[in-house]
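Right, one structure below, let's go through it.
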Protein chains: 2
Amino acid sequence: MKLETRKEEIIKTATILFKEKGYSAVTMRDIAKAMGIKAASLYNHINSKQDILTNIIISLAEEFTNGMKTVLLSNVSNIEKLELIVALHVNITATNTHGMASLNNDWMHLEEQLEYYLELRGSYENNFRNILQEGVQNNEIINSNLEIMLFSMLSTLRSLYLWIPKKEDLNTEELTKNLSHILINGINK
Amino acid sequence: MKLETRKEEIIKTATILFKEKGYSAVTMRDIAKAMGIKAASLYNHINSKQDILTNIIISLAEEFTNGMKTVLLSNVSNIEKLELIVALHVNITATNTHGMASLNNDWMHLEEQLEYYLELRGSYENNFRNILQEGVQNNEIINSNLEIMLFSMLSTLRSLYLWIPKKEDLNTEELTKNLSHILINGINK
DNA sequence: TTTGTAAACTAACAACTGTTAGTCTATGTT
DNA sequence: AACATAGACTAACAGTTGTTAGTTTACAAA
């Protein structure tokens with residue numbers, strides 16, 4: 001197994017820049033400059049700018065897909081499954097804060113892999129929805145508008161990347177616990 | 001008072017395109033083509049591409065600032081103030097769904113007005129935080145991590161633009177009611 | 001009919017874009 | 001000592017970018 005350290009360095013650098021300005025506003029010369037080399041040199045390691053974006057987004061999307069698979073296989077209540085999903089988002093976001101920005105904001109600039117991405121995202125949302133629905137049927141969850149509950153939780157979880165880096169002394173377990181409690185039980189006393 | 005219908009048309013067209021691809025990926029030729037004219041003609045009505053973005057973002061940011069002012073002046077409980085804030089977001093987003101995308105994702109491409117925007121956003125968040133804090137002190141709101149509560153609510157409200165257009169038969173009052181309930185009381189039965 | 005003006009047009013600019021081709025250099029292996 | 005390779009470099013490309021200058025057109029006011 002070959003170590004692709006230089007390629008990974010490029011992707012890591014690009015990921016940070018993509019978060020700051022978005023994919024379209026970052027040029028290959030920006031990425032090169034941040035690494036102290038010339039733009040043309042990047043092409044010894046990567047095939048195209050597109051490739052960098054695809055690499056960032058698809059690997060994250062697959063992480064979520066795999067995580068969801070594990071959640072679905074777990075033999076726990078639906079409320080507990082939601083807690084596992086919160087943990088999944090916190091953990092992935094904590095280890096790839098910058099990449100989450102591209103996943104959220106730059107997915108539309110994927111080309112060949114756009115369809116695949118939309119497929120992954122669609123089935124992730126379906127699985128999430130099904131957990132909520134089962135929870136409603138089992139009297140674990142209130143019988144409110146399913147789409148609003150789904151949207152509300154998912155929005156918060158998808159925005160974690162905007163907020164996590166601000167807390168340097170991050171305790172992911174505690175964040176998961178607190179966030180789960182707020183999402184599930186609200187803030188009302 | 002002069003009617004600037006053509007300028008408004010340009011801004012409206014740009015707003016839709018900015019939502020689809022982001023500010024940086026949209027060219028003046030894209031905007032012109034969508035209107036059936038040439039790019040150079042746009043400059044009879046607007047000063048620059050930057051100007052379009054500034055117009056979209058600052059007017060929305062000021063709408064939120066003004067709305068928050070009204071909320072703060074209202075003589076109601078802190079929980080009820082939160083409900084007013086939910087209504088504020090639902091109403092602004094429902095009438096300017098596309099612009100909310102730029103507000104959320106393209107603010108970093110503001111130039112002269114960036115500082116002003118950050119100021120507005122900062123004080124909006126502070127006001128929001130203070131309402132939560134007073135709610136905790138008055139025993140209206142659970143004594144959980146303030147930043148997590150703030151982040152959770154704000155993330156959901158800021159993401160409304162992604163979700164609102166999907167419901168064509170939108171009843172803003174009902175959405176406000178349901179969403180408030182979920183954000184405040186959670187989904188637990 | 002003449003004139004003024006709003007708003008479109010064509011043509012062009014300088015800078016910037018992603019990318020390719022071909023070359024040089026350092027390092028480590030035979 | 002000879003060679004192979006990784007990874008940098010320079011130079012250049014064709015296309016795209018925001019924007020400007022100057023011109024034409026349509027229409028309403030005088």
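So you know, we letter chains A, B, ... as the sequences are listed, proteins then strands, and number each from 1. Quantities reported herein were computed from a predicted structural model and do not represent experimental measurements.
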Partner of A/V86 by side chain to side chain contact (heavy atoms under 4.5 Å, CB included), out of A/N178, A/L183, A/I182, A/L175:
A/L183
Under 3.5 Å, is there a donor-acceptor pair between the A/N188 and B/N185 side chains?
yes
Same apolar cluster (I L V M F W Y, side chains within < 4.5 Å links), A/I16/A/Y23
no
Of all of residues 41-57 of chain B, which get a heavy atom below 4.0 angstrom from DNA chain D, listed by number?
B/Y43, B/S48, B/K49
Under 3.5 Å, is there a donor-acceptor pair linking the side chains of B/Y116 and B/E62?
yes
Looking only at side chains, do A/S77 and A/E80 share a donor and an acceptor under 3.5 Å apart?
yes
Any residue of residues 27-38 of chain A with a heavy atom less than 4.0 Å from an atom of DNA chain D
A/R29, A/I37, A/K38
Go through the structure and list residues passing side-chain contact (heavy atoms from CB on, under 4.5 Å) with B/K33, not counting sequence neighbours.
none
Rounded to whole Å, the CZ-P distance (A/R6 to C/dT27) equals 15 Å
Nearest-Å distance for atom pair CD/P, residues B/E9 and C/dA6:
17 Å
Answer yes when B/E111 and B/K49 have at least one side-chain N-carboxylate O distance shorter than 4.0 Å, and no when they do not.
no
So do A/T65 and A/M68 actually touch side chain to side chain, heavy atoms under 4.5 Å?
no
The residue, A/A40 or A/A25, whose nearest nucleotide of DNA chain C is more 5′ is A/A25
